[in-house]
*Asks:* 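Here you go, one structure.
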Amino acid sequence: MIIKLYNTLTREVEPLTPLRKEYVAMYSCGPTVYNYVHIGNLRAFVMTDVIQRVLKAIGGYNVRWVMNITDIDDKIIHDSAAGSNVWQEEMGASSSDAKQNLRAFTRFYEDEFLKDIVSVGLDINHFYKMPRATEYIGEMQELIRAIVKNKFAYISDGSVYFDVTAYEKSYAYGRLFQIDRENFREGVRIDADEYDRENVSDFALWKGKKPGEPFWEFEIEGQQLPGRPGWHIECSAMSHAILGLPIDIHTGGVDLRFPHHEDELAQCCGGYGVSDQSSFWVHNEHLEVEGKKMSKSLGNFFTLRDLIKLGIDPIDLRFALLLAHYRSKLNFTFESLKAAAASRKRIQEFIWDVISVSNGTSTDGVKNESESVSAPSFQYLKKAAEALADDIHTPRALAELNTFVGSVSIGELSAQSASAILSEMKIFNEVFGVWTFSPHSAIEVPTEIVLLAEKRWEARKMKNWSESDRLRDEIANRGWTVMDGKDSYELEPRQ
RNA sequence: GGUCCCGUGGUAGAGUGGCUAUACAGAGCUCUGCAAAAGCUCGUACAUCGGUUCAAAUCCGGUCGGGACCUCCA
């Protein structure tokens, strides 16, 4: 199926036509590893994960998916410096070697990041590569030399800056984000950078070393400029080195449109001479909590571990994130998270019911193929797939999936229809990744509970209702629910 | 100061001129000794004011409210 995506470059939903026959090249801006990711960050990673899954499962493409790890930037340098008050014991001993501290610090948060994204359903094997910025310093320096050589950058006071004014004479600047430089807001942020650049719209490609900071040697135009890369240069250099330019899809949060992506694009055009870094630029909207931007001061700031502490299953968070379209703001509330969990469970129960029909263990009875059974309404699934192909419309797809589930009567299914449903549902789960297709494993029930339940079943058979109800209460007090069937009962942990 | 987005039922969230979104929660019913689970049914929601139109949640304008971005934040 043709996949359509909203492209920030054209501000339109466009059909994707991959540039290469063999695979779709996709680059996602990854985390800056200086802290635990929060649920807003996770939305971006889940979104980008679902895009690549749709490309594979619905589009039928091979995908080379790259996500970078930013392990060098101002905050990292600050927080990993010797004597930092945010240094964690697990990072090991802080030393006098700034580079070594930086490495210990970032590796710690990189590991935590990987754990977190796996928790919310990403599969590390899906990545073609997860490059660290510090491992591509050479490529970045090469790109910077090329940009300087092309006269789109200048050296000033030990640093290298991109010259937007010069660049604009040959290329368009502001393709992803129309900036209005006449009306730059007055404020401290513009002057926050202590480095010397000629124009406020210029940005650093290379930042000269400051005392105590980690640095890399850099020779350019016969000068020695020890220092470190600017923020934007890594993504330009790594997308070029690993995937080759132009790529098909570049993703990130809306806030990255400007300056990060705009500057990446300018660096690629100005340095590599390509006309585009990427055909598609896809940006996800932010997540809000109780209608407000997440912020620590408002007390509505959550990391994944905060939610896990509250007893929330990370996969329910994944599902809750997919309940909204990626280009809409998502209002995260605990009530909606609870609703998401119940909704996910509903489909999971359906899958388990269908599995029991397909393997003949259903207690509802299985129909023969010859018996006139109503065929499952597969048109809903077709619509669901179309919704995914249409700019990754997960909420519409889930609505169709729910309608499909509601249209199927388990008791009317043949084993063959059940198998057909399962193979269809598996395709959707390749995208959503929130359900399991293993048979409903019997949860281990403690012997004492089983004994009580057996006793109750006997009492019930004798129509001794008061004893039966007493035992049910006792079982309930110990955390289990009894559900009576026709010839047997089931035990489930109480919710 | 500039640019832009949004305001849908208790909650979340689709829908962009006339046709049931969907899910969760809630109410009623069926089943059940009673429950639980499951199934069925239901609610007459589109911030507000005005305009366009045979017809507006949907288009246009005003108002109110929320939010984002405007140099390193996903």
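What you are looking at is a predicted structure, and each value in this text was computed from that prediction instead of being measured. All chains are named by letter (A, B, ...) in the order of the sequence lines, taking the proteins before the strands, and each is independently numbered beginning at 1.
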*Asks:* Using a heavy-atom cut-off of under 4.0 Å over every strand shown, decide if A:V37 touches base, sugar-phosphate, or nothing.
*Replies:*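 The residue A:V37 makes no contact with any strand.
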
*Asks:* With C1' as the reference atom in both, quote the distance from B:C5 to B:G9 in angstrom, rounded to an integer.
*Replies:*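 Between the two C1' atoms, the distance is 23 Å.
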
*Asks:* Which residues pass the side chain to side chain donor-acceptor pair (under 3.5 Å) test with A:H325, not counting sequence neighbours?
*Replies:*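 Checked A:H325 against side chain to side chain donor-acceptor pair (under 3.5 Å); zero matches.
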
*Asks:* Please give, in whole Å, the distance from B:G39 P to A:E349 CD?
*Replies:*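 Rounded to the whole Å, the gap is 10 Å.
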
*Asks:* Using the ring pair (Phe, Tyr, Trp, His ring centres under 6.0 Å) criterion, which residues pair with A:H261? Sequence neighbours excluded.
*Replies:*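 Testing A:H261 for ring pair (Phe, Tyr, Trp, His ring centres under 6.0 Å), a comparison that skips the adjacent residues, returns A:H250, A:W281, A:H283.
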
*Asks:* When the distance from CZ of A:F404 to C1' of B:U22 is rounded to whole Å, what number comes out?
*Replies:*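 My rounded result for the distance is 16 Å.
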
*Asks:* According to salt bridge (charged side-chain N to carboxylate O under 4.0 Å, His left out), who are the partners of A:D484, at least two apart in sequence or on a separate chain?
*Replies:*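 Residues passing salt bridge (charged side-chain N to carboxylate O under 4.0 Å, His left out) with A:D484: A:R456, A:R460.
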
*Asks:* Between the side chains of A:S159 and A:D157, does any donor sit under 3.5 Å from an acceptor?
*Replies:*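 The criterion, which ignores hydrogens and geometry beyond distance, is not satisfied for A:D157 and A:S159.
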
*Asks:* Quick one: does A:K207 reach the base of B:C72 with a side-chain donor-acceptor pair under 3.5 Å?
*Replies:*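 In this structure, the two groups form a donor-acceptor pair.
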
*Asks:* A:D248: what forms a salt bridge (charged side-chain N to carboxylate O under 4.0 Å, His left out) with it, not counting sequence neighbours?
*Replies:*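 Partners of A:D248 under the salt bridge (charged side-chain N to carboxylate O under 4.0 Å, His left out) test: A:R20.
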
*Asks:* Once you round it to whole Å, what is the distance between P of B:U71 and CD of A:E264?
*Replies:*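 The distance from CD of A:E264 to P of B:U71 comes to 18 Å, rounded to the nearest Å.
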
*Asks:* Say you pick atom P in B:U52 and the same atom in B:C40; how far apart are they, in whole Å?
*Replies:*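 One P to the other, the span is 46 Å.
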
*Asks:* Quantified in whole Å, what is the P atom distance between nucleotide B:U3 and nucleotide B:U71?
*Replies:*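 The answer is 16 Å between these two P atoms.
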
*Asks:* Among residues at least two apart in sequence or on other chains, which ones pass ring pair (Phe, Tyr, Trp, His ring centres under 6.0 Å) with A:F280?
*Replies:*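 Here no residue qualifies.
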
*Asks:* Under 3.5 Å, which donor-acceptor pairs do the side chains of residues 114-122 of chain A form with other protein atoms, sequence neighbours left out?
*Replies:*
unit_1	atom_1	unit_2	atom_2	d
A:K115	NZ	A:E112	OE2	3.0
A:S119	OG	A:K115	O	2.9

*Asks:* P atom, B:C34 versus B:G18: distance in rounded Å?
*Replies:*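 So the two P atoms sit 48 Å from each other.
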
*Asks:* Can you list the residues that meet the ring pair (Phe, Tyr, Trp, His ring centres under 6.0 Å) rule with A:W457, with sequence neighbours excluded?
*Replies:*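 Partners of A:W457 by the ring pair (Phe, Tyr, Trp, His ring centres under 6.0 Å) criterion, ordered by chain and then number, come out as A:Y489.
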
*Asks:* Between B:C64 and B:C29, how many Å separate the two P atoms, rounded to a whole number?
*Replies:*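 My reading of the P atoms in B:C64 and B:C29 gives 49 Å.
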
*Asks:* Measuring only the C1' atom in each nucleotide, how far is B:C24 from B:U30? A whole number of Å is fine.
*Replies:*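 After rounding to an integer number of Å, I get 22 Å for this pair.
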
*Asks:* What integer distance in Å separates A:I475:CD1 from B:A35:C1'?
*Replies:*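 From A:I475 CD1 to B:A35 C1': 13 Å.
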
*Asks:* Who pairs with A:N300 by side-chain contact (heavy atoms from CB on, under 4.5 Å), at least two apart in sequence or on another chain?
*Replies:*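 Per chain and number, A:N300 pairs via side-chain contact (heavy atoms from CB on, under 4.5 Å) with A:V289, A:K292, A:M294, A:S295, A:L298.
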
*Asks:* What dot-bracket string describes RNA chain B from 5' to 3', counting Watson-Crick and G-U wobble pairs whose defining distances are under 3.5 Å, with [ ] for crossing pairs and | for pairs to another strand?
*Replies:* ((((((((.[[[..)..(...]]].(((((.......)))))....[[[[[..)....]]]]])))))))....

*Asks:* Starting at the 5' end of nucleotides 23-33 of chain B, put B wherever the base has a protein heavy atom under 4.0 Å, S where only the sugar-phosphate does, and a dash everywhere else.
*Replies:* SS--------B

*Asks:* Using heavy atoms to find the nearest nucleotide of RNA chain B for A:L42 and A:V482 separately, return the residue whose nucleotide is more 5′.
*Replies:*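 In this pair, the answer is A:V482.
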
*Asks:* For a quick check under 3.5 Å, do A:D202 and A:Y154 share a side-chain donor-acceptor pair by atom type?
*Replies:*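 There is such a pair (donor and acceptor under 3.5 Å, judged by atom type) between the side chains of A:D202 and A:Y154.
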
*Asks:* Which residue is it: A:F301, A:Y109, A:F302? I am looking for the one with a ring pair (Phe, Tyr, Trp, His ring centres under 6.0 Å) to A:Y36.
*Replies:*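 Result for ring pair (Phe, Tyr, Trp, His ring centres under 6.0 Å) with A:Y36: A:Y109.
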
*Asks:* Tell me every residue that passes salt bridge (charged side-chain N to carboxylate O under 4.0 Å, His left out) with A:E135, counting only those two or more places apart in sequence or in another chain.
*Replies:*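 A:R107, A:R132.
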
*Asks:* What integer number of Å spans the C1' atoms of B:C31 and B:C6?
*Replies:*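 Comparing C1' positions in B:C31 and B:C6 gives a spacing of 46 Å.
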
*Asks:* Just the atom pairs and distances: protein N or O near nucleotides 13-16 of chain B's N or O, under 3.5 Å.
*Replies:*
unit_1	atom_1	unit_2	atom_2	d
B:G13	OP1	A:N331	N	2.9
B:A14	OP1	A:H325	N	3.1
B:A14	OP1	A:S328	OG	3.2
B:A14	O3'	A:H393	NE2	3.3
B:G15	OP1	A:H393	NE2	3.2

*Asks:* Taking atom P in both B:C46 and B:A57, compute the distance separating them and give it to the nearest angstrom.
*Replies:*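 That atom pair is separated by 9 Å.
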
